[in-house]
Asker: 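Mind looking over this structure? Questions follow.
Hydrogens, waters and symmetry mates are skipped; everything else that's a heavy atom, side chains included, is used.
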Amino acid sequence: MNAGSGFRVVRAVLLALFGLYFFLPLVSMANYSVRGKGPLEGKITLHYYAELVRNEDLRSAIISSLLLAVLTVVLMVVLLVPTMIWVRLRVPGVSRLVEFLCLLPLTVPPLVIVVGISNVYTWVNYLLGDSPQVLALAYVILVLPYSYRSIDSALQAIDVTTLAEAARSLGAGWLTVITRIVMPNIVSGVAGAAFIAIALVLGEYVFASLLHYDTMPVALAEIYRSETSTAIAGAFASIVLISLLLLGLSFFNRNKAPDVGGHA
């Protein structure tokens, strides 16, 4: 056996082991979530998935998490995209500072962040109410590092300065430059940031639990104490949804890659 064949065998074995490590728990979750209990003992049933919709508290938590994910994405895009474009065009000297600030949440454990903002959220609840959607203000901080990297990669793939100068020479304002010139060229990066943000929000537990908001992960953890199968079904459905989002992102990026920089 030559070196190339040996490498392929080792690679195949390692991939198989990693596949077993990641997929066996998922297969076990799927099997447990459709295995009947009590009167349904020994039967395959979707009863516990139906409970995700029938259980009013859980249904409300799922809707809240979905709305929270959408709101977080909107706030992230409104805050991050114009700022990054403006910095790149007008004040490139502070780009390192902006990068440092955006990546800073990676260095601070979520538990520490929650403790630090708990007093702030007392005022947030007073001013805006105690709806779970106010968590979007904290989740924007949580998703900043990942969103920044995705959008920054898209901006580096195009010549933002040349596009902006060409548009400005034709009389376009800065709002037009950002929304109609630069944004169409970084759609893949913004979409990647949005998908990653949605995945993080749908799976985040520490912030919501310690700040006492009823989101999907918190509701599933509570239901797990009394209805294990329903909680497992909800967790498995959440994993599948997040996986589909990330898989869709990979196809979207692959389809958009040839067009980068072609919308001048």
Side-chain angles (χ1 to χ4, degrees), residues 14-73 76 109-111 114 132-133 135-136 138-139 142-143 146-147 150 191-254:
L14 289 177
L15 288 175
L17 291 175
F18 278 117
L20 289 173
Y21 179 80
F22 284 110
F23 287 107
L24 274 182
L26 295 179
V27 172
S28 299
M29 288 179 67
N31 177 66
Y32 190 87
S33 66
V34 297
R35 187 70 61 183
K37 310 292 187 301
L40 301 174
E41 186 72 36
K43 297 181 180 179
I44 300 298
T45 177
L46 296 178
H47 168 77
Y48 303 109
Y49 287 93
E51 280 296 310
L52 299 177
V53 179
R54 285 198 293 260
N55 188 307
E56 184 176 348
D57 292 337
L58 183 55
R59 182 173 69 246
S60 176
I62 292 173
I63 293 173
S64 293
S65 287
L66 292 175
L67 292 175
L68 181 57
V70 172
L71 184 57
T72 301
V73 168
M76 178 271 296
L111 182 61
V114 172
Q133 276 67 59
L135 272 174
Y139 282 173
L142 184 67
V143 304
Y146 313 99
S147 302
S150 179
F195 286 165
I196 294 172
I198 291 172
L200 288 172
V201 170
L202 292 182
E204 203 287 320
Y205 176 79
V206 175
F207 276 50
S209 176
L210 295 182
L211 293 175
H212 307 293
Y213 292 103
D214 291 327
T215 60
M216 182 177 68
V218 175
L220 288 175
E222 185 66 27
I223 289 176
Y224 185 80
R225 300 176 182 177
S226 57
E227 301 178 34
T228 306
S229 296
T230 302
I232 295 296
F236 181 72
S238 176
I239 291 173
V240 170
L241 175 60
I242 293 171
S243 299
L244 289 176
L245 282 174
L246 297 179
L247 184 63
L249 170 62
S250 66
F251 281 109
F252 182 83
N253 282 338
R254 185 170 63 183

Asker: For the residue pair S65 and P217, establish whether any side-chain heavy-atom pair is separated by less than 4.5 Å.
Answerer: yes
Asker: Can you check side chain to side chain contact (heavy atoms under 4.5 Å, CB included) on V143 and I196, steps first, answer last?
Answerer: CA-CA 8 Å; V143 304; I196 294 172; over 6 Å; no
Asker: Would you say the side chain of R59 lies within less than 4.5 Å of the side chain of L52, judging by non-hydrogen atoms?
Answerer: no
Asker: Atom CG in L58, atom CD in E51: separation rounded to 0.5 Å?
Answerer: 9.0 Å
Asker: To check you understand the geometry: which heavy-atom pair defines the closest contact between P132 and Y213, and what is its length?
Answerer: CA-CD2, 3.7 Å
Asker: Could you work out, with side chain to side chain donor-acceptor pair (under 3.5 Å) as the rule, every residue matching S33, not counting sequence neighbours?
Answerer: Y49
Asker: Can you check whether L66 reaches V70 side chain to side chain, under 4.5 Å on heavy atoms?
Answerer: no
Asker: What is the distance from atom CD1 of I62 to atom CG of L202, rounded to the nearest 0.5 Å?
Answerer: 10.0 Å
Asker: So do the side chains of L111 and L210 get within less than 4.5 Å of each other, counting heavy atoms only?
Answerer: yes
Asker: Taking all atoms of both residues into account, what is the closest heavy-atom pair of L68 and A136, and its distance?
Answerer: CD1-N, 3.3 Å
Asker: Does any N or O in the side chain of S60 come within less than 3.5 Å of the main-chain N or O of E56, such that one atom is a donor and the other an acceptor?
Answerer: no
Asker: Can you tell if the side chain of Y224 reaches within under 4.5 Å of the side chain of I232, non-hydrogen atoms only?
Answerer: yes
Asker: What is the distance from atom CG of L200 to atom OG of S147, rounded to the nearest 0.5 Å?
Answerer: 8.0 Å
Asker: Starting at CG of L142, measure out to CE of M76 and round the result to the nearest 0.5 Å.
Answerer: 12.0 Å
Asker: What pairs of residues pass the side-chain hydrogen bond (donor to acceptor under 3.5 Å, both in side chains) test when at least one of them lies in residues 228-237, not counting sequence neighbours?
Answerer: K37-S229, E227-T230
Asker: For L67 and Q133, work out which heavy atoms get closest and say how close.
Answerer: CB-NE2, 3.7 Å
Asker: So, do I239 and M29 sit near enough that their side-chain heavy atoms are less than 4.5 Å apart?
Answerer: yes
Asker: So, does S28 use its side chain to make a donor-acceptor pair with the main chain of L24 at under 3.5 Å?
Answerer: yes
Asker: When rounded to the nearest 0.5 angstrom, what is the spacing between OH in Y21 and CG in L14?
Answerer: 14.5 Å
Asker: Write down the atom of T215, the atom of E204, and the distance for their closest heavy-atom approach.
Answerer: OG1-O, 4.4 Å
Asker: CD1 of I223 to CG of D57: how many Å apart, nearest 0.5 Å?
Answerer: 7.5 Å
